Amino acid sequence: MSRPFRFGARMIVPAPAEEWRAKCRRAEELGYDVILVPDHLGMVAPFPALVAAAEATERPRLGTFVLNAGFWNPALLAREVATTDALTGGRLELGLGTGYVRAEHDSAGLPYGSPGERVDHLRHTIEELDRLLGSQELPHSRLRSNGGTPIPRPVQRPRVPLMIGGNGDRMLRLTAEHADIAAFTGARPVPGDTTGRLLPITPDELDERVGRYRESAHGRKEPAELNLLLQMVAITEDREAAVRPLMEHVPGTTVDQALDLPLLLVGPLEQIVDQVLAQRERYGFTYLTVLEPYMEAFAPVMAALRGR
């Protein structure tokens, strides 16, 4: 049996307080199961934004999609995770990745490192979070509130659900070992680019990546939820016209090839619904995330997929 579908909205546009809360309420009204924020310089700080989202909503889970582990010291991150989970009433889902934008590290004065070093740091971060958040008291939580309760402490047990995002072999093995949610972007960084530009991978390449993950995850007691980040949603009768503006960003790709990409949902509503169901059958994706600009466009797709 497939998992039920879950749907996330990834909020990427900074906004004043009331506008931010209104956007989060709108995501809840539309039926999104998770409100997510990324971790990029120039966008909102993830944890305060999620606390504000929690104050404005009642039902959706709240997640980081995904934190750049290179920005974070594990002990300080454990404090942020525990406090945010407590302040959101146990609604937090923690997404982690290595980071892929060298220019952000340079701007922050932080080392970027080799791919191997970034994966090593992510592994260390995950292991430290498991140790710190699973202990009876976090470092320095002997400072107590008036009621004598150690602070901070996460609400969720045995831990805050963990998502790991990445496509490389070592990342897939790490995801298989630790993650409750395995996130696939359907894209790869442009070689030599420092700004985070991505190129989509083909359906067959995504097949291979998901297959590699499944090999690594063989024998898990509980299978992970598989997530796909969608880059575009357009309900339209003219599929070609909808994707043509994207062609300059994917040189060498034909319109037909673009329309075949798993991370684009373009076409009549019924066709998009069929595509999502086919991708669940082919890859196992049951948790779909859309970017904020497509939050409204994806709502009819969500409604059509509920219960299927």
Side-chain angles (χ1 to χ4, degrees), residues 1-3 5-6 8 10 36 38 63-70 93-102 112-127 129-130 161-193 196-231 250 252-253 257-258 260-265 275-289:
M1 288 290 292
S2 295
R3 290 173 179 265
F5 280 112
R6 280 207 307 162
R10 189 172 184 249
L36 300 144
T64 57
F65 196 118
V66 290
L67 292 185
N68 178 347
E93 296 184 1
L94 177 65
L96 288 172
T98 61
Y100 63 94
V101 185
R102 182 174 192 130
Y112 186 59
S114 68
E117 288 169 335
R118 295 198 300 278
V119 176
D120 287 342
H121 177 69
L122 176 59
R123 176 178 287 278
H124 173 69
T125 299
I126 291 168
E127 291 171 349
L129 287 175
D130 280 344
L162 176 63
M163 167 193 281
I164 300 177
N167 287 346
D169 288 352
R170 287 189 66 204
M171 283 295 294
L172 293 176
R173 290 195 295 270
L174 185 63
T175 302
E177 184 178 350
H178 289 281
D180 303 295
I181 306 163
F184 294 82
T185 63
R188 66 166 64 87
V190 175
D193 183 82
R197 198 158 57 92
L198 300 172
L199 288 176
I201 63 177
T202 68
D204 288 343
E205 288 172 325
L206 185 56
D207 252 336
E208 190 275 332
R209 291 290 84 194
V210 173
R212 182 65 61 92
Y213 165 77
R214 291 190 185 282
E215 289 175 9
S216 299
H218 181 71
R220 280 180 57 130
K221 290 183 179 179
E222 295 291 335
E225 187 177 34
L226 300 192
N227 171 277
L228 180 65
L229 174 59
L230 300 168
Q231 296 292 323
V250 282
T253 302
Q257 288 171 332
D260 198 33
L261 292 172
L263 47 73
L264 303 184
L265 298 182
Q275 178 182 339
V276 172
L277 293 172
Q279 289 183 178
R280 179 176 67 178
E281 181 69 22
R282 179 173 180 176
Y283 305 108
F285 297 128
T286 57
Y287 177 10
L288 302 179
T289 301

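In this text the structure is predicted, and so the values were computed from the model without any measurement. What's counted below: heavy atoms across the whole structure, side chains too, no hydrogens, waters or symmetry copies.
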* Any sub-3.5 Å donor-acceptor pair from R170's side-chain atoms to G116's backbone N or O? ->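 Pair found, side chain donor or acceptor close to backbone of G116.
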* Would you say R212's side chain and L172's backbone share a donor-acceptor pair under 3.5 angstrom? ->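 No, because the side chain of R212 does not come within donor-acceptor range (under 3.5 Å) of the backbone of L172.
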Least distance between heavy atoms, [X] atom then [Y] atom:
{"X": "Y283", "Y": "P203", "answer": "OH-O, 3.2 Å"}
{"X": "N227", "Y": "L229", "answer": "OD1-N, 3.8 Å"}
{"X": "R10", "Y": "P38", "answer": "NH2-CB, 3.3 Å"}
{"X": "A183", "Y": "F65", "answer": "CB-CZ, 4.5 Å"}
{"X": "A224", "Y": "A179", "answer": "CB-O, 3.8 Å"}

Under 4.5 Å between any side-chain heavy atoms of [X] and [Y], yes or no?
{"X": "E117", "Y": "Y112", "answer": "no"}
{"X": "R188", "Y": "N167", "answer": "no"}
{"X": "Q231", "Y": "T185", "answer": "no"}
{"X": "F5", "Y": "L277", "answer": "yes"}
{"X": "D130", "Y": "H178", "answer": "yes"}
{"X": "F184", "Y": "L206", "answer": "yes"}
{"X": "L230", "Y": "F285", "answer": "no"}
{"X": "L129", "Y": "L94", "answer": "yes"}

Roughly how far, to the nearest 0.5 Å, is [atom2] of [Y] from [atom1] of [X]?
{"X": "I164", "Y": "L122", "atom1": "CD1", "atom2": "CG", "value": "6.0 Å"}
{"X": "L162", "Y": "T175", "atom1": "CG", "atom2": "OG1", "value": "8.5 Å"}
{"X": "L263", "Y": "I201", "atom1": "CG", "atom2": "CD1", "value": "8.0 Å"}
{"X": "N68", "Y": "T98", "atom1": "CG", "atom2": "OG1", "value": "7.0 Å"}
{"X": "Q275", "Y": "L264", "atom1": "CD", "atom2": "CG", "value": "8.0 Å"}
{"X": "L174", "Y": "Y213", "atom1": "CG", "atom2": "OH", "value": "11.0 Å"}

Looking at [X] and [Y], does any basic side-chain N land under 4.0 Å from a carboxylate oxygen?
{"X": "R209", "Y": "E205", "value": "no"}
{"X": "D204", "Y": "R282", "value": "yes"}
{"X": "R173", "Y": "E177", "value": "no"}

* Asked: Are more than 12 heavy atoms from other residues, nucleotides or ligands located less than 6.0 Å from atom CZ of R220?
  ->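 More than 12 heavy atoms, drawn from other residues, nucleotides or ligands, come within 6.0 Å of this atom.
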* Asked: Taking it one step at a time, do T202 and Q257 satisfy side-chain contact (heavy atoms from CB on, under 4.5 Å)?
  -> CA-CA 8 Å; T202 68; Q257 288 171 332; over 6 Å; no
